[in-house]
J.: 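Sharing a structure with you now.
When reading the values below, keep in mind they use all heavy atoms of this one structure, side chains included, and skip hydrogens, waters and symmetry mates. Start at 1 with the first residue, then count along the sequence.
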Amino acid sequence: MIKKTLITFSLLFLAVIWLAYLSQYLPIYIPIYAPVYISALSLITFIMYAWDKRQAKQSTHKKVTRTSERTLQLLSLFGGWPGALIAQQWLRHKSQKRRFIVVLWLCIILNAVSILSLLFLLG
């Protein structure tokens, strides 16, 4: 149940950002909040999670290079959190580490607060 809710939440956020952008409610001169930026970074973040999950499975057989948690968290912080949340739930990767989950939710809250404050200041 929670898995579907979090995936729906992420997809709904992306849909709202696109809708706000297309209805010209979001300022187009701030590229970090443009839906293309957030969607692209979410896709990159999802791919990085999938790659790390694949590398984690192979690491039992041989030495492989993994994506650092810091990299995954930075991608989330810079706006790729919808992709991170979807990957975490769908791929079940990094879904048991409490510290990692707390940092991910801090990134989500920070992104939401910054978007809302920007809309409040400009609107």
Side-chain angles (χ1 to χ4, degrees):
M1 177 70 175
I2 191 81
K3 179 179 177 178
K4 289 180 183 178
T5 304
L6 292 175
I7 290 173
T8 303
F9 171 69
S10 298
L11 293 174
L12 187 61
F13 173 80
L14 290 172
V16 167
I17 289 290
W18 273 100
L19 188 61
Y21 182 74
L22 293 174
S23 64
Q24 298 179 349
Y25 191 71
L26 283 178
I28 49 179
Y29 52 85
I30 302 177
I32 196 163
Y33 295 115
V36 173
Y37 169 82
I38 293 174
S39 298
L41 196 57
S42 291
L43 179 63
I44 291 168
T45 305
F46 183 89
I47 291 169
M48 293 296 288
Y49 268 76
W51 176 259
D52 189 52
K53 173 79 175 193
R54 182 174 184 262
Q55 295 298 87
K57 285 182 178 180
Q58 290 181 353
S59 68
T60 59
H61 305 300
K62 58 184 174 180
K63 179 124 175 99
V64 294
T65 304
R66 301 267 315 266
T67 304
S68 71
E69 287 186 358
R70 180 176 292 183
T71 300
L72 296 174
Q73 291 168 342
L74 283 173
L75 287 168
S76 298
L77 179 65
F78 291 137
W81 67 264
L85 200 56
I86 292 168
Q88 189 181 58
Q89 298 305 311
W90 193 19
L91 303 173
R92 296 192 332 204
H93 188 52
K94 303 288 185 187
S95 59
Q96 298 299 315
K97 289 187 160 188
R98 295 282 180 221
R99 184 182 159 277
F100 191 87
I101 293 169
V102 168
V103 172
L104 176 61
W105 279 101
L106 287 174
C107 293
I108 292 170
I109 292 168
L110 185 63
N111 270 267
V113 167
S114 64
I115 289 173
L116 291 175
S117 63
L118 181 71
L119 290 175
F120 178 75
L121 290 173
L122 296 175

J.: Atom CZ of residue position Arg92 - does it have more than 12 heavy atoms of other residues, nucleotides or ligands inside 6.0 Å?
T.: no
J.: I need the Leu75 CG to Leu104 CG distance, nearest 0.5 Å.
T.: 11.5 Å
J.: Only counting residues at least two apart or in another chain, list the ones meeting side chain to side chain donor-acceptor pair (under 3.5 Å) with Arg54.
T.: none
J.: Hey, quick one: are Phe9 and Val103 part of the same hydrophobic cluster, counting side-chain heavy atoms closer than 4.5 Å, chains of contacts allowed?
T.: no
J.: Should we say atom NZ of Lys3 is surrounded by more than 12 heavy atoms from elsewhere, each under 6.0 Å from it?
T.: yes
J.: Using side chain to side chain donor-acceptor pair (under 3.5 Å) as the criterion, list what pairs up with Thr67, not counting sequence neighbours.
T.: none
J.: Within a strict 4.5 Å, meaning less than it, do heavy atoms of the Ile38 and Phe78 side chains meet?
T.: no
J.: Please write out which residues are connected to Ile47 in a hydrophobic cluster, directly or through intermediates, given that two of Ile, Leu, Val, Met, Phe, Trp, Tyr count as joined at side-chain heavy-atom separations below 4.5 angstrom.
T.: Leu43
J.: If you round to the nearest 0.5 Å, how far is OG of Ser23 from CH2 of Trp18?
T.: 12.5 Å
J.: So Tyr49 and Ile44, side chain to side chain contact (heavy atoms under 4.5 Å, CB included) or not? Walk me through it.
T.: CA-CA 9 Å; Tyr49 268 76; Ile44 291 168; over 6 Å; no
J.: With rounding to the nearest 0.5 angstrom, report the CG to OG1 distance, Leu77 to Thr45.
T.: 10.5 Å
J.: For a 4.5 angstrom cut-off between non-hydrogen side-chain atoms, does Leu14 reach Ser39?
T.: yes
J.: Please round to the nearest 0.5 Å and tell me the distance separating atom CD1 of Ile7 and atom CD1 of Ile2.
T.: 11.0 Å
J.: Quick check against the 3.5 Å criterion: does Asn111 have a side-chain atom that pairs as donor or acceptor with the backbone of Cys107?
T.: yes
J.: Quick one: NZ on Lys53 to CD on Gln58, what's the gap to the nearest 0.5 Å?
T.: 13.0 Å
J.: Holding to side chain to side chain donor-acceptor pair (under 3.5 Å), I want the full list of residues that pass it with Thr65, two or more places apart in sequence or in another chain.
T.: none
J.: Show me the donor-acceptor pairs within less than 3.5 Å that the side chains of residues 80-90 make with the rest of the protein, sequence neighbours left out.
T.:
from	atom 1	to	atom 2	distance (Å)
Gln88	NE2	Lys94	O	2.7

J.: When rounded to the nearest 0.5 angstrom, what distance separates CD1 in Ile101 from CZ in Arg99?
T.: 12.0 Å
J.: By the rule that ILVMFWY residues connect when side-chain heavy atoms come within less than 4.5 angstrom, directly or transitively, which residues belong alongside Leu106?
T.: Val102
J.: Side-chain heavy atoms nearer than 4.5 Å, only ILVMFWY residues, links allowed to pass through others: does that put Leu6 and Ile109 together?
T.: no
